[in-house]
Amino acid sequence: MKGFTTKGNAPMAPADTLAPTLVLSHARKSFGAVRALVDGRITLEPGEAHALVGENGAGKSTLVNILAGVHQPDGGTLTVDGQDVTFGGPAAAREAGVSIIYQEPTLFPDLTVAENVFMGRQPMRSGRRIDRGRMNDEARAIFNRLGVALDPRRVARGLSVADQQLVEIAKALSLSAKVLVMDEPTAALTGVEVQRLFDVMTTLRRDGAAVMFISHRLEEVFASCQRVTVMRDGQFVSTAAIEDTDVDTIIRQMVGRDLDSLFPKTATTPGDPVLEVENLGHEGVFDDVSFTVRQGEIVALAGLVGAGRSEVARAIFGIDPRSRGVVRVSGKPLPAGRPLAAMAAGVALVPEDRRQQGLVMDMGIDQNFALASLRALRRGGLMRRSSEQRLAKEWADKLQVKFGRLRNPASTLSGGNQQKVVLGKWLARNPSLLIIDEPTRGIDVGTKSEVHRIIDGLVQDGMAVLMISSELPEVLGMADRVVVLHEGRVAGNFARDEADETTIMRAATGQSGKKVA
Amino acid sequence: MTSTTTAPKTPVPALAGATSTGRLDALLRAREIGIALAIVVVIAITTLKNSHFLDADSVQQILNGGALIGLMAVGETLVIVTRNVDLSIGSTLGLSAYVVGDLFAHNAIDVWMGFVVAIVIGAVIGLINGLVTVLFRVPSLVVTLAMLYVIRGVDGIIVNGRQIGASDVPGSFTAIGYKTVLGIPWLFILVAVVVIIAGYAMRTFRSSRELYAIGSSPQAAMLAGIPAARRVMTAFVISGALAGLAGALFLAQYAQVNNNSGLGYELTVIAAVVVGGVAIFGGSGTVFGAALGALLLNTINLALVAARISASWNQAIAGALLLAAIAFDRWLSLRVTRKLRNTEGAHRDI
Amino acid sequence: GCSSQSTGNGGSTASGGATGSATNSGGTVKKGLTVYFIPKDTQNPYEVLADKGGQKALQELGGKVVVSSGTADTAAAQIPSVQAAIQAKADAIVIAANDPKALCPSLNQAAKAGIKILSFDSDISCGNSPQHLFINQADTKTIGTSEVDMLAKQLNSTGQIAILSAAQSATNQNAWIGYMKQQLKKYPKMQLVTTVYGNDDPATSLNVLKGLISAYPNLKGIISPTTVGISTAAQYLSTHKNVKIALTGLGLPSQMRAYVKDGTVQNFALWDPSKLGYLAGYAASALASGTATMDTGASFKAGTLGSYKVLAPAAGTGPSVVLGPPTVFDKSNIDKFNF
Amino acid sequence: MTSDVQAAPTGRPGGMARATSWRDAIRWEGGLLIVLIAVIIFGSTQSSTFLSQSTVFYAGINTGFIALMALPMTFIVMTGEIDLSVASMLGLAGSLMGFLWHHGWGIWPAMIAALVIGALGGALNGVLVAYTALPSIAVTIGTLTLFRGGAQILLGPLTVPGVGDQQFPGGLTKIGTESIPGGALSYSTLIFIVLAIIAGIVLHATPFGRSLHAIGLQPEAASFSGIRVPWVKFWLFVASGVICAFAGILLTLQNASVSYTAGTGLELNVVAIVLFGGVSIFGGRGTIFGVLLAIVIFGALQMILTQTHVEAEKQQVITGLLLLISVIVANGGQLVARARARLTALRGS
Ligand SMILES: Nc1ncnc2c1ncn2[C@@H]1O[C@H](COP(=O)(O)OP(=O)(O)OP(=O)(O)O)[C@@H](O)[C@H]1O
Ligand SMILES: Nc1ncnc2c1ncn2[C@@H]1O[C@H](COP(=O)(O)OP(=O)(O)OP(=O)(O)O)[C@@H](O)[C@H]1O
Ligand SMILES: [Mg+2]
Ligand SMILES: [Mg+2]
């Protein structure tokens, strides 16, 4: 878990003595029939870190987009420093001193990291020419402040999601804005980086800036923020000082009911091996990876970001090639590099990047549900629209997906609901082995426990699950067995009762006395 | 997941860059060097077969021949970098060349005005391309393909079966097409100046970097508040203007224009740009690379004849070499990417 | 498009074909005839002149000319025009074929619909179907041999020479080049090193010319039997005086005037395209009216050009009428021509 | 992992993200239908011969082989790629057939060889595009030159049948002059219609067609769904090669002859038809029906304009403007919507 050092810092400046930096009230926004924001409200005081929490689809990102000038609200008012303002576009918002870190990284892959940070605001020298040297130095300085050693001169293409997020943060910091809005900046970060981000937030607040922080990890909220605003179904629910509230209250306000246990692990007795991986290797990425997943068992693949977990999953499924080793599913060896063969053998892979890999964003929700089951929906060689609809309806109901209309494009769904569609698309194939990469990244607590319940149910019905997660509590809560990867090699293989935070962490950072079962 | 306490807390000082990026930069630059090298190889092989290929005259021809395509490649690069494409440049060249020639034939303008008129014609066409693309958010390939037909048709209506010949054009104008200073052709100098200015500008000014940004990620460009519409429009206007200028230079170089002048140049220019290492889907590539690409294609064409290869084989060999050049560039950029990947790990702090 | 042409010097004296004796079938040419002129493309300067000649002829005869073709020099672009002529029940088609054979099926249909088929500038090669009359600008053999003779005179019959042609598939150029090669046998010291193709595009022509010059440093002469090729080469040679190469071929006087005057080109040939069109217009009308046939020796009146006789089919070609010998242009006469 | 930083597909220049809704398609095809009706009404008032059987036959002769090339092009553009080598492949296949005929091969072996060269050429495109991930626009500009060059090597100045050669069999070349028995359609039209129906079913009603949409919209997500993206692209290019070769055979028979320049420059016409038919150049969107309408409109327009003696250059202007106006009208609504949104935003504040 994140090793937070601070808890509930006191506000830097007394909230009641200063005029608020930014006030948004009664903001409304609809997309066609979808009322994304019904009554959005938030008040940001100078020097405070203000958390905004809510379920997936509660309208948080929509609110952010309004503050960013990306969306024009259908109604409501926005004041900055007491002045009524309208943001015609992102540039206007930036000029007004509002700086945004968007939920999804928005980098220019072909440009250098420094250019990404300073695009449109590059330091200049005589003749309105860009001063590259200074630009690189300034970027380096910001990264030093964040404690990362990204080379400002490398191109952004190929950066890991975490590094991309760091560049986004650097971009926002470089603006020295009055208001810094961060939409789930920590979703892809490791504990150290999160900690550094919080340190930077503290510095910013000390300088009088207001920080708005969105996260589904409530512990982060309690570690770094002074006030918290809760939203539900596009509506403002409450704002409270952090010391006047607690996790249960917030969750109740978010979900509108009490939640049961977060990780509803039911004990099962594992059956026959479904997946057997032996000495799997691929040049320069991972090597000598062996483990087994049995019927009715959840095996978690743990490790630091970049340890090669996703690569292993993709190699098993056949998206990536592999140069060594054997993969057997239900006893039969899988050919390398052939996802179709893996699917036929009953393997399903829910990939980690739902926007690029999981969904065809511009296709209908229904068509996305059907995309992995096309052959099954075929009658006499032709696709049946009606059976496709039926399949989509069935799984949208089962997973309680919140959507406008089933034929709307998947891009209109909130992140969590998108994740459910990806899950549904694979569950519709009734797989015997489900590989889920980061099943709950960017998913709210309510949905998260639903996803966990779904997985748990599947396992009880005899499915084998290989789960990759960067969240230790999830790993510890859900897994029957934890396989830890370190730099592409198995650094530990623990049964449920052997695994705890420290053993896993030690293995993941490569310091363990190896215990490979 | 989540490293914790164990990670070294001290920020790694700004070390890594120096060495690894130095090499990287070199590699990236190698894309241009690679093309230059290819030109040298083609020349060398041809010279082995025919020692006169390197005579002063012949070198002038090599430099001059690629000039027009190179000039248009500069404009096309600007457009392609923004993830658009301009297919109308060949038609634009034809129209501007004819109109200027016609004005000369009627003694309506002097030499300098000839350039101005050519550039203005091109710029106006570029403006139309840009406006329609940006305003209606129509793919530029469709817009400029349509404009290709429209301009070629309008050109035909204006030309109406006439043509411009050497006696219609002032001698001082055609002189630009063949006169040299210190053995270097004027035409080449002129185009080289445009290339150098454009190449420098594309590295150095905010607005030009924004062109790359737009092509690299339109979404992110929007969020960064980049006035994409204006920038894309500017790229089209410049591309049109350069195609118009190329029209004037066409007239100067060949001293003859009919309605077919410039027919099919658009694909040659795009080929040059792609060979020059400009990503066809935007975001990366340099003006220098594109210009070198044009020079390479032209050198190949010259070399095939100079090496006494039978006329029937010219096209096929040119096509094969084009494919080879594209594949080579791909191989090179893959190597760069792999290098990037390998160096990346070093920068992470855990 | 290419091609070349020459002023059949008017009147009656044309070479092989024209005869003084007007003839026969007694009848007069019908009024109100419609003749479709189908040039290689609607913009080919040479053929635009020819079409105007045709228009003039039909005007004199009280009929009308429809000019129809595509913008590109392809058979595919000409076929719709043939079809339109059939549908419009035209009386005759005069076509400059972009492809010797691809138009045959369409023209056959036209002939079956009772339309008289004539070709000019570039002949079709359809065997006997359809029956058609080729209005030849000048005797094919004469063009080929005279080009070689002209160059031989300039070069003292010695040295390497090359041909800069239009497209490799261009029919009339290929026919002329065939005769050039034959004629070259008479000049054993003149050696044809290669034929290059500029596709009638100035840029391509210039490129192959440059390649040619560096490939054959001892090159002494170039024949370019196409207007674009010769003017491109002339422009290059006039601006690179250090390259000493004699140039001749087929060119438009208006385009070549400057080069003849500055001495780059001594002489070249062509015929008057408008007269070619004019002759074609009369021939078409005569055929359509039944006042002439395609039989060898049949004759007809061609307005101010006088009277012409149909020549016997030669190897691989059908009956033809020859406008006259090409005019050779040089310093002494070039100012008299303005096409 | 580390998905590459990639531009969101919704941010493509020109194309705002649109849902693949039937309504969109219907709007576009509806528009084309109206244009077609307008063209027919215009034609019948301007030209007395327009509404005749011969017009239908001739239009088929003139556009049939272009229409054939438009079918694989539609599929390829659907996947976000493009094939600019189609017309050169037509020329190469026709030339090979002619070359072999000239050298005494039988007509059927010559045709089969032409189809084989089509498959091989397509496979070359396919390998380069699908398996080495080179941009198809660049690759096919290269093969455009290569294939045409190959045709030139085969035939050079020769037009087949050359002097002394057999004519192509009359039973086959009659497709250039005779319509199918009992109708006005040309054989090329009939073949096209059959293939278009098959293409329509494949594209719109089979899993394969659905995967083409997915590949065009988001190739990575498609491959994560078990769609063999490179495999599909490879075979599409092979199919394109074969069908273009077939078009080359058809054109050769129709003209009863072939030279190496056959079909020169038609690639952009084919692209224009496909785009006019409403297929998105970015892939993922479009219908065969739209392409069909576009073909009929272009074919009819060419007939009318030629029949009414409109000069070829004006025909070009009209063609270009039609393409331009169609996309503007189709996207004009967006412009209005954006302007309105901006206005309300201003008023709202
Ligand atoms: N462009 C759009 N078109 C249609 N509906 C949209 C659009 N953007 C968002 N929505 C809808 O608006 C609602 C709010 O979405 P939003 O992205 O603001 O949620 P969120 O609170 O950020 O969720 P998450 O925590 O999953 O990121 C969702 O139901 C979503 O489907
Ligand atoms: N696009 C990329 N650019 C650079 N390196 C990459 C990229 N993709 C993978 N790698 C490298 O491959 C290895 C495994 O990366 P990967 O991110 O898949 O691991 P992971 O354990 O799945 O982490 P995550 O939690 O991010 O999913 C790392 O060394 C990483 O640096
Ligand atoms: Mg969100
Ligand atoms: Mg991963």
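Since we're looking at a predicted model, the values are computed, not measured. Excluded from the calculations below are hydrogen atoms, water molecules and symmetry mates; all remaining heavy atoms, backbone and side chain alike, are included.
Checked by atom type and distance alone, the side chain of B/R308 pairs as donor or acceptor with a backbone atom of C/A215 at under 3.5 Å. Proximity of a side-chain donor or acceptor of B/N50 to a complementary backbone N or O of C/S214 within less than 3.5 Å is detected. When atom types are taken as modelled, the side chain of C/Q235 and the backbone of B/A255 share no donor-acceptor pair closer than 3.5 angstrom.
Considering NZ of C/K210 and CG of B/N298, their distance stands at 6.5 Å, rounded to 0.5 Å. Interatomic distance, C/S205 OG to B/Y254 OH, rounded to the nearest 0.5 Å: 9.0 Å. Distance check: C/T232 OG1 to B/Q256 CD gives 3.5 Å after rounding to the nearest 0.5 Å.
Applying the 6.0 Å contact sphere to NZ of C/K241 captures more than 12 heavy atoms from other residues, nucleotides or ligands.
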Check the pair B/R162 / C/V48 against side-chain contact (heavy atoms from CB on, under 4.5 Å), numbers first and verdict last.
-> CA-CA 8 Å; B/R162 287 165 303 183; C/V48 169; over 6 Å; no
Report the C-alpha separation of C/T239 and B/T174 in whole Å, then their side-chain angles, then the decisive distance to 0.1 Å, and conclude whether the side-chain contact (heavy atoms from CB on, under 4.5 Å) test is met.
-> CA-CA 9 Å; C/T239 55; B/T174 48; 5.9 Å; no
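Between B/N260 and C/D41, the shortest heavy-atom contact is ND2-OD2, 4.3 Å. What you find for B/G156 and C/Q43 is that their closest heavy atoms are O-NE2, 2.8 Å.
When heavy atoms are compared at a cutoff of 4.5 Å, C/V193 does not approach chain B at all. B/S310 does not touch chain C: none of its heavy atoms, backbone or side chain, sits under 4.5 Å away. Only the side chain of C/N242 comes within contact range of chain B, judged by heavy atoms closer than 4.5 Å. For chain B, the nearby part of C/S254 is the backbone; its heavy atoms alone come within less than 4.5 Å. Residue contact with chain C, scored on non-hydrogen atoms closer than 4.5 Å, involves the backbone of B/I164 exclusively. Within the 4.5 angstrom heavy-atom criterion, only backbone atoms of B/N160 (N, CA, C, O) approach chain C. For C/D201, the part lying near chain B is the side chain, with the backbone staying farther off; criterion is any non-hydrogen pair under 4.5 Å. Proximity to chain B (any heavy atom under 4.5 Å) is shown, for C/T204, by neither the backbone nor the side chain. With a threshold of 4.5 angstrom between heavy atoms, C/L49 does not approach chain B through any atom at all.
The closest side-chain heavy-atom distance from B/Q253 to C/L206 is below 4.5 Å. Counting heavy atoms from C-beta outward, C/N207 and B/L302 have side chains that approach closer than 4.5 Å.
Not a single salt bridge (charged side-chain N to carboxylate O under 4.0 Å, His left out) links B/D86 to another residue, sequence neighbours left out.
If you tally non-hydrogen atom pairs under 4.5 Å between each of B/G177, B/A306, B/A166 and chain C, the highest count goes to B/A306. Between chain B and the options C/A258, C/A72, C/P202, the largest number of non-hydrogen pairs under 4.5 Å is found for C/P202.
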